[in-house]
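Worksheet for the structure shown next.
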Amino acid sequence: MNMISNLAPVPELYVSYDSAQKLKVEAANLKSHDLTPRQICDLELLMNGGFYPLKGFLSEADYNGVVENMRTEDGTLWPMPITLDVSEKFAESLEVGEDIALRDQEGVILATMTVTDRWVPNKSKEAEMVFGADDLAHPAVNYLHHTAGKVYLGGPIVGIQQPIHYDFRARRDTPNELRAWFRKVGWRRIVAFQTRNPLHRAHQELTFRAAKEAQANLLIHPVVGMTKPGDVDHFTRVRCYEAVLDKYPAATTNMSLLNLAMRMAGPREAVWHGIIRRNHGCTHFIVGRDHAGPGKNSQGKDFYGPYDAQELFKQHEAEIGVEMVDFKHMVYVQEKAQYYPANEVPEGDTVLDISGTELRRRLAEGLEIPEWFSFPEVVKELRKTKPPRSKQGFTVFFTGFSGSGKSTIANALMVKLMEMGGRPVTLLDGDVVRKHLSSELGFSKEHRDINIKRIGYVASEITKNGGIAICAPIAPYAATRRAVREMVESYGAFLEVHVATSIEECERRDRKGLYKLAREGKIKEFTGISDPYDVPENPELRVETEGADVDNCAHQVLLKLENMGLIAG
Ligand code: PPS
């Protein structure tokens, strides 16, 4: 049993300052692995004792035990594989027994690891056993198959330095810093609240109740490492949490940020969260309905039952070492003008509730969010980050053959949008891009992909910063267009417009005389003649230029934008 009192320090994996300076110099000669953002989060919690009793990235035997029955080889409860995934090439370059340096993304050496194990994991089995299904709709399964390296390395870690954070430094605490603070202020019973969402009034009510019920102080312990893709960014959330913190009675509640990379593994994740909070000196932990749920699977069903997490936690409560406080779903009762647990609402009274989806809709459309639901300061922060769609950035991506009319329509659209005003507009036309961004590229598949991805990157940056990007390349390959869509959609809307002029018509027009040259074999790999074009299957809009003038085509795009809520009607 690896129990530690919440008053005593938890063991860390760091060496002393002097040894670290020496080790850092020596480690510069080792082969090194550049850690991924997720691995940096894992390493930080390994080194500072957040993942105690782990001493490094899991060995193969520990991994098998964790995957199969949530226990390391020596029988310790540990529900989540903490693995160092690397490329096959890097793995092959190593000898088992060798020390490697682990570097952050700027190349700073954070730790060394003795590689005791190297193996190719069965990822489908890991997905089934840890996440409940080998289904790519689960973000961690998707990560496992599409982002994580093919080979795992395991071995003990020697910690040199913490990863560097420049944001909210005063709000980040290691387990031992928190323990020391609890000792200093005399907190003995501490209930932790895990969250990856902004807090509204219902959360404040439920956490306050949970603390009262457990006769404990409250630690708001939000995750700022990695959460579910699409979540509100942690900068915004922390500003929201700071606003909510003022609403609790002073001296009963505190907040600390946890640099955890969540996996959204529901029941297993709840157990893991409990262990992490025990290591941070907490005695109680709030587990809610569908704790750390990943959303719907590819069949449209929930991955886990709503109370699976609470059940698994309860079964292992003694070993986890923190007591579970179950989360009450709080709803607002209109007649009483206050919050009640959903199962204690006085009969006949009116219950008001706003779901997460409804909240997102109201934010997206700039609609009212009532005071009974949230605090004005929180709503103000959310509105700053998530302005209504008509004020957000977006990308219009035209695709079609050379001479299809893409550039002409894109130009007309740009002028119309500039006439409306409100957002800056940038046109990334195929020819212009090839002159300024991609002048060294030709028309091989590889070069076309690079070209389109560059356009996508610029468009995604413009979209992120609230502008309008209009792109008009040929973009012949569906997979590359999909990659661009993904890049842009993490920041705003993406509107694909297929300019569906037939190849015969483009060749008949031959405005630049290129088709003639292509037919004569003087231009090689010419799209539609000697190079393929994947016709978009589901573009947001398809415009036919044969029979419609440019003005009309641009107008169709405007109507679509209006329909998508991207421009005010
Ligand atoms: S791609 O495939 O999206 O990277 O192409 P793009 O950057 O849009 O560039 C297309 C313009 O380059 C001229 N051009 C060719 N097009 C297709 N195939 C070949 N081999 C080729 N060689 C030169 C052509 O003028 C395209 O301009 P648009 O504006 O589409 O007519």
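One-based numbering, in listed order, for ligands and for the atoms of each.
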- Task: Would you please determine whether R511 falls within less than 4.0 Å of ligand 1 on a heavy-atom basis?
- Result: no

- Can a non-hydrogen atom of V433 be found less than 4.0 Å from any atom of ligand 1? no

Is the shortest heavy-atom distance from the side chain of [X] to the side chain of [Y] under 4.5 Å?
X    : Y    : answer
P198 : L382 : yes
Q556 : N552 : yes
M564 : L495 : yes

Students should be able to answer this: which protein heavy-atom is nearest to [atom], and at what distance?
atom                    : value
atom 28 (P) of ligand 1 : K512 NZ, 3.3 Å
atom 26 (C) of ligand 1 : S402 OG, 3.9 Å
atom 3 (O) of ligand 1  : A475 N, 2.8 Å
atom 18 (N) of ligand 1 : R448 NH2, 3.2 Å
atom 9 (O) of ligand 1  : R434 NE, 3.2 Å

Measure from NZ or CZ of [X] to the centre of the six-membered ring of [Y], then state whether that distance is under 6.0 Å and the direction lies within 45° of the axis.
X    : Y    : value
K31  : F90  : no
R481 : Y533 : yes
R263 : Y143 : no

Ligand-residue contact atoms, ligand 1 with [X], heavy atoms, under 4.0 Å:
X    : result
G403 : 31 (O)
K524 : 20 (N)
P473 : 3 (O), 8 (O)
E525 : 18 (N), 19 (C), 20 (N)
P476 : 2 (O), 3 (O)
I452 : 3 (O)
T527 : 17 (C), 18 (N)

- Using only heavy-atom distances, determine whether the side chains of D99 and T112 contain a donor-acceptor pair under 3.5 Å. no

- With only distance considered, is L514 within less than 3.5 Å of ligand 1 through an N or O on each side? no

- Task: Kindly say whether M80 contributes a backbone atom to a donor-acceptor pair with the side chain of R268 at under 3.5 angstrom?
- Result: no

- Message: Has D510 got a side-chain atom pairing as donor or acceptor with L514's backbone, closer than 3.5 angstrom?
- Response: yes

Once you measure the plane-to-plane angle for [X] and [Y], does it fall in the parallel (<30°), tilted (30-60°) or perpendicular (>60°) bin?
X    : Y    : result
H291 : H273 : perpendicular
W119 : Y63  : tilted
H138 : F303 : perpendicular

Side chain, backbone, both or neither: the part of [X] lying under 4.0 Å from ligand 1 by heavy atom:
X    : result
F443 : side chain
I474 : both
K406 : side chain

- Item | Option with minimal heavy-atom separation from atom 11 (C) of ligand 1, where the choices are D431, L517, D429, T480 | D431

